[in-house]
2 protein chains.
Amino acid sequence: MPERTPLTPPTPPPSGPKPRADAARNREAVLAAADRLFAEHDSPGTVTMADIAAAAGVGKATLFRGFGDRTGLIRALHETRLAPIRQAAEDGPPPLGPTTPPHERVPALLDALLCFKLDNRHLALALEGIGNDSPYAAGHYPHWHTTLRTALEQIPDLPTPDFTAHALLAATRADLVEHLTGHENLTREQLRSRLAEFTARVLGPPTETSDHRET
Amino acid sequence: MPERTPLTPPTPPPSGPKPRADAARNREAVLAAADRLFAEHDSPGTVTMADIAAAAGVGKATLFRGFGDRTGLIRALHETRLAPIRQAAEDGPPPLGPTTPPHERVPALLDALLCFKLDNRHLALALEGIGNDSPYAAGHYPHWHTTLRTALEQIPDLPTPDFTAHALLAATRADLVEHLTGHENLTREQLRSRLAEFTARVLGPPTETSDHRET
DNA sequence: GAGGTAAGCGGACCGCTGGTCCGTATCGTA
DNA sequence: TACGATACGGACCAGCGGTCCGCTTACCTC
């Protein structure tokens with residue numbers, strides 16, 4: 001532990017007192033530049049921190065001061081884009097919100113996640129490709145897992161909601177999505193329907209007690 | 001294309017004329033050292049090429065000459081360990097071999113793969129953590145996917161064998177296994193039974209036409 | 001066994017990356 | 001306007017994967 005943190009007051013969300021005006025401006029510039037660069041390059045690995053700093057018109061240190069490290073920057077970017085969906089799943093209207101019956105909500109959640117990864121290939125790839133254990137270690141994964149598990153638990157006779165949640169989420173992994181659309185040439189709609197069919201099979205037919213709507 | 005390959009006649013399998021004695025000996029030493037180092041360190045990222053060369057008692061160039069690059073080394077290591085299972089799935093006896101009815105073979109294949117990743121945490125993590133698109137890009141994945149898909153196609157009323165094969169394989173991803181055993185403290189047997197239950201749910205109940213054995 | 005030859009060796013070397021330091025410029029405030 | 005705190009930026013560093021080239025060594029031939 002260093003005697004006084006010489007850098008990296010990680011500032012994961014810009015919380016605390018109040019950021020200086022130029023700091024806030026630079027933060028936005030960096031996020032915008034990173035987003036653009038990741039979108040332009042196919043592989044996130046080819047985008048360096050120096051590139052992002054240059055594109056944003058700031059020094060490298062600004063980048064690391066604002067986000068801690070590469071992981072932090074990617075996470076911040078990802079979080080920004082994912083926030084609306086997350087919000088919708090937390091307390092939004094059906095079919096994503098918590099009031100939706102599980103046989104409808106689970107597929108809706110997975111479809112939303114899949115569409116997000118289709119629309120933000122680069123970001124999702126960058127996030128999941130950080131290090132080992134990356135998707136699970138921290139960040140948004142536990143949230144989605146818990147949400148999904150909670151919904152799955154309301155389905156009777158489903159043996160292992162916890163593992164099932166993991167397995168269903170694994171079916172939407174960014175690199176798998178990338179492979180299916182890129183190498184196997186599945187269209188967006190094909191992939192969505194495949195995932196929906198698979199999910200339906202896992203959930204089994206809806207019952208009176210678990211789902212109060214006619215299908 | 002260089003006028004004469006200065007290095008890297010990749011030698012992925014040591015095929016062709018015949019390798020020199022010391023070359024073969026060094027190759028084995030490198031594989032053994034790499035295996036040991038990966039097993040000792042938790043994260044494959046902390047094992048460098050220089051470490052492996054030093055542990056094997058050879059120069060770095062020997063390493064790159066024999067395996068092309070880091071990816072090649074890891075793949076060679078992985079392939080060596082996985083070969084028996086691969087062989088058993090290709091033309092072995094039940095429950096892994098191709099003569100097994102699908103309702104029995106699919107869970108057996110997945111269980112074998114899961115056990116392999118449990119027994120070779122480090123290797124599987126190293127392999128899947130290489131780059132983006134890593135598990136799907138090359139190597140063993142297409143083989144397992146094809147095997148699984150072929151078996152799934154024999155199950156009537158299973159809507160999308162191709163995607164289902166991907167999804168089931170995704171449930172055995174190395175980092176997920178690592179997360180479940182490491183952070184959620186599932187035992188080996190718990191994880192195996194969870195995967196088996198999940199698989200059974202996906203496959204649905206066996207029928208007369210698809211499976212000729214009583215269950 | 002001796003000698004020629006090419007395959008193989010090793011470690012100094014390179015380019016590049018993520019990450020850090022510190023003198024300097026800018027912001028917010030009185 | 002003057003002053004302290006905050007943030008800036010680019011030179012800098014350590015460590016990585018990967019390469020080069022002069023030297024060693026195994027193999028083949030006679």
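Reminder, nothing fancy here: chain letters follow the sequence lines and each chain counts from 1. Not measured: the values here are computed from a predicted model.
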Among C:dT20, C:dC27, D:dC16, the one nearest A:Arg25 by side-chain distance: C:dC27
Minimal non-hydrogen separation, A:Arg70 against A:Pro44, with atom names: NH2-O, 3.6 Å
Minimum heavy-atom distance between A:Ala165 and A:Arg149, given as atom pair plus value: CB-N, 4.0 Å
Distance, rounded to the nearest Å, where A:Asp69 contributes CG and C:dT17 contributes C1': 14 Å
Protein-nucleotide distance (A:Phe64, atom CZ; C:dG19, atom P), rounded to Å: 5 Å
Parallel, tilted or perpendicular: rings of A:Tyr136 and A:Tyr141 (30°, 60°): perpendicular
B:His166 ring center near B:His145 ring center (under 6.0 Å): yes
Under-4.0 Å side-chain N/O to phosphate OP1/OP2 contact, B:Asn26 with C:dC9: yes
Sole residue of B:Leu82, B:Asp111, B:Thr172 in side-chain contact (heavy atoms from CB on, under 4.5 Å) with B:Phe116: B:Leu82
d(NZ, B:Lys60; P, D:dG15) in whole Å: 13 Å
Just the table, please: protein N/O against nucleotides 28-30 of chain C N/O, every pair under 3.5 Å.
{"residue": "C:dG28", "atom": "OP1", "partner": "A:Ala21", "partner atom": "N", "Å": "3.3"}

A:Thr62, nearest nucleotide to its side chain (from D:dC8, C:dG11, C:dG19): D:dC8
Any B:Arg70 side-chain N or O less than 4.0 Å from OP1/OP2 of D:dG17: yes
Any donor-acceptor N/O pair, A:Arg105 side chain to A:Leu96 backbone, under 3.5 Å: yes
Base C:dG19 paired with A:Arg65 side chain (donor-acceptor, <3.5 Å): no
